[in-house]
Amino acid sequence: MSNHNLASVSYNPSNPLERVRLSTRRVVQQAQLVRLDLQKLRALADSYDLAAIRQNYQFEADFHFLAQGEAQANYVVTLDALNFGSGLSPRWKEFEAAQLVQGSLYKTVADTLRREAEAGNPLDARFAAEATPSQLATMFGIPADFELLQMFAASLNELGQWVINQYSASYVNLIEATDFKAAGLVELLGANLKYFDDQAIYKPDGLPVYFYKRAQILANDLYLAFEGKSWGAFADIEQLTMFADNLLPHYFRMEGVLSYEPSLEQAIEAGEYLPAGSTAEVELRANAVQCVEIICQYLRENQPGQIPIFPAQLDSYLWNYSQSRRIKSRPRHRTITYFY
């Protein structure tokens, strides 16, 4: 089925969340290497248990730090400053001392920071500004010269120094400056921090495509950690898009919704790295974003008596579902990037 049959939606490019929707939709309409089968996508949507999707939308307690007040905000912001590295995850696993929580790099980072917070580390902006690869190496039990730790330190330093300079060293002040709009947080982070400015130029048309994965997931994690209240009271949480990474494109491929041009499929199966910002990498992420958008729209139209499922809810459900052995039985694309 042609990608040009995607449902028409109105967009406001001045809103960063709508920029994601508009630009990823444009990529899918032009995609050269990745194809989306709308019929299979709708059939997949029909199989979903909407109650299970809603129940799964929570800040998991087994590896996250759960507290109150500023300590909770500091933890969440620090965690999402380090919420990347999937492309280097296989190399992390090769270290003799590496112990991944539930086989997940993200859960390992979350659990390590949880233990740091419980031991009294404030995980505040000053901690971030002063973090070094050596300190992080001690924290994670990984050699300091490992590329990902260098990237972790750079991300923390950039964020910490900015918050010290602009928000009196307070993550809470940053959150409050958004007027509790998720779009406002995404805009601030993307406009001021390289490590959060998740966009690329789509080479076939030379125009930008936006994802803002980690900026969006920070708003989502604050919302969940504070149960939609206090420093997580984002009124526009339902407007977040999917958090574009390398797992959900693979999920939709495994479900037969996405198909790849043979040379791209062969490269992924062979474990070859896709360059960040390459046509293939952008098309993979953009197609996953639009899959989630289309499913949510389809469910709204075909389940009128149900409370609508929004993209962040569906993303959370599918990300957890995709930890299954069946979904991970084949290689997914790998890219070395600080965006996911």
Side-chain angles (χ1 to χ4, degrees), residues 13-21 23-24 73-88 105-106 109-110 113 123-125 127-129 131 136 148-167 169-201 208-225 231-232 234 236-237 239-246 276-277 281-282 285-286 289 311-312 315 335-340:
S14 67
N15 182 310
L17 306 180
E18 295 307 298
R19 288 202 293 272
V20 176
R21 292 185 168 90
S23 62
T24 57
N74 289 351
Y75 169 81
V76 174
V77 174
T78 303
L79 171 60
D80 286 322
L82 303 181
N83 189 359
F84 61 89
S86 59
L88 291 167
L105 176 59
Y106 169 75
V109 173
L113 293 176
L123 299 178
D124 56 10
F127 161 79
L136 297 176
L148 185 54
L149 291 189
Q150 308 282 329
M151 296 164 71
F152 276 3
S155 177
L156 286 172
N157 295 164
E158 180 188 49
L159 171 67
Q161 195 58 58
W162 177 60
V163 172
I164 288 171
N165 291 339
Q166 299 297 322
Y167 299 100
S170 170
Y171 291 142
V172 166
N173 287 349
L174 165 63
I175 296 166
E176 292 178 348
T178 70
D179 197 27
F180 294 99
K181 297 292 194 297
L185 181 60
V186 172
E187 188 73 18
L188 278 174
L189 293 170
N192 290 282
L193 301 174
K194 179 184 75 171
Y195 273 72
F196 281 91
D197 188 18
D198 185 2
Q199 59 175 289
I201 297 299
V209 56
Y210 305 90
F211 298 103
Y212 298 131
K213 186 262 187 184
R214 287 176 38 242
Q216 289 198 72
I217 208 168
L218 174 54
N220 186 69
D221 284 351
L222 287 167
Y223 178 85
L224 292 178
W231 291 307
F234 294 109
D236 58 343
I237 199 69
Q239 297 304 308
L240 294 175
T241 72
M242 191 207 93
F243 315 127
D245 60 4
N246 69 333
E281 193 247 2
V282 170
R285 298 179 76 198
V289 170
D315 180 284
T335 296
I336 297 177
T337 176
Y338 42 75
F339 292 141
Y340 61 93

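Met242 is not listed as a side-chain neighbour of Gln216, based on a closest heavy-atom distance of 4.5 Å or more. Side-chain atoms of Asp197 and Tyr212, non-hydrogen and from C-beta on, do get closer than 4.5 Å to each other. Counting heavy atoms from C-beta outward, Thr78 and Tyr75 have side chains that stay 4.5 Å or more apart. Leu113 is listed as a side-chain neighbour of Leu82, based on a closest heavy-atom distance under 4.5 Å. Counting heavy atoms from C-beta on, the side chains of Val77 and Leu159 come closer than 4.5 Å. Between Leu188 and Tyr167, the closest side-chain pair of non-hydrogen atoms falls below 4.5 Å. By the 4.5 Å heavy-atom criterion applied to side chains, Arg214 and Leu189 are not counted as neighbours. Glu187 is listed as a side-chain neighbour of Arg19, based on a closest heavy-atom distance under 4.5 Å.
Of all heavy-atom pairs spanning Ala128 and Asn157, the tightest one is O-ND2, 2.9 Å. Residues Ser155 and Tyr195 come closest through the heavy atom pair CB-CD2, 3.4 Å. For the residue pair Val163 and Leu174, the shortest heavy atom distance occurs at CG2-CD2, 4.3 Å. Nearest heavy atoms, Pro311 versus Arg21: CG-NH2, 4.0 Å. The two residues Leu105 and Ser86 come nearest to each other via the heavy atoms CD2-N, 4.3 Å. In terms of heavy atoms, Pro16 sits closest to Val186 at CB-CG1, 3.9 Å.
In this structure, the ring of Phe84 has its center less than 6.0 angstrom from the ring center of Phe152. Ring centroids of Tyr223 and Phe234 are separated by 6.0 Å or more, keeping the two rings apart.
Atom CG of Leu185 is separated from atom OG1 of Thr178 by 6.0 Å, given to the nearest 0.5 angstrom. Rounding to the nearest 0.5 Å gives a distance of 15.5 Å between CD of Glu176 and OH of Tyr171. The structure places CG of Leu222 at 11.0 Å from CH2 of Trp231, a figure rounded to the nearest 0.5 Å. The structure places CG of Asp198 at 5.0 Å from CZ of Phe339, a figure rounded to the nearest 0.5 Å. One finds the CZ atom of Phe196 at 9.0 Å from the CG atom of Asn83 (value rounded to the nearest 0.5 Å). The NZ atom of Lys213 sits 7.5 Å away from atom CG of Asp80, with the distance rounded to the nearest 0.5 Å.
Judged by distance alone, with hydrogens and angles left aside, the side-chain atoms of Asp236 form no donor-acceptor pair with the main-chain N or O of Lys181 at under 3.5 Å. Side chain of Thr335 to backbone of Thr337: no donor-acceptor contact under 3.5 angstrom is found. Side chain of Glu281 to main chain of Gly277: a donor-acceptor pair is present (N/O by atom type, distance under 3.5 Å, no hydrogens or angles). A donor-acceptor pair is defined here as one N or O able to donate and one able to accept, closer than 3.5 Å; such a pair exists between the side chain of Glu158 and the backbone of Lys194.
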### Task
Go through the steps to decide whether Arg285 and Val209 satisfy the test side-chain contact (heavy atoms from CB on, under 4.5 Å), and finish with yes or no.
CA-CA 10 Å; Arg285 298 179 76 198; Val209 56; over 6 Å; no
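For the side-chain contact (heavy atoms from CB on, under 4.5 Å) criterion with Leu240, the lone passing option out of Asp315, Val20, Leu17 is Leu17.
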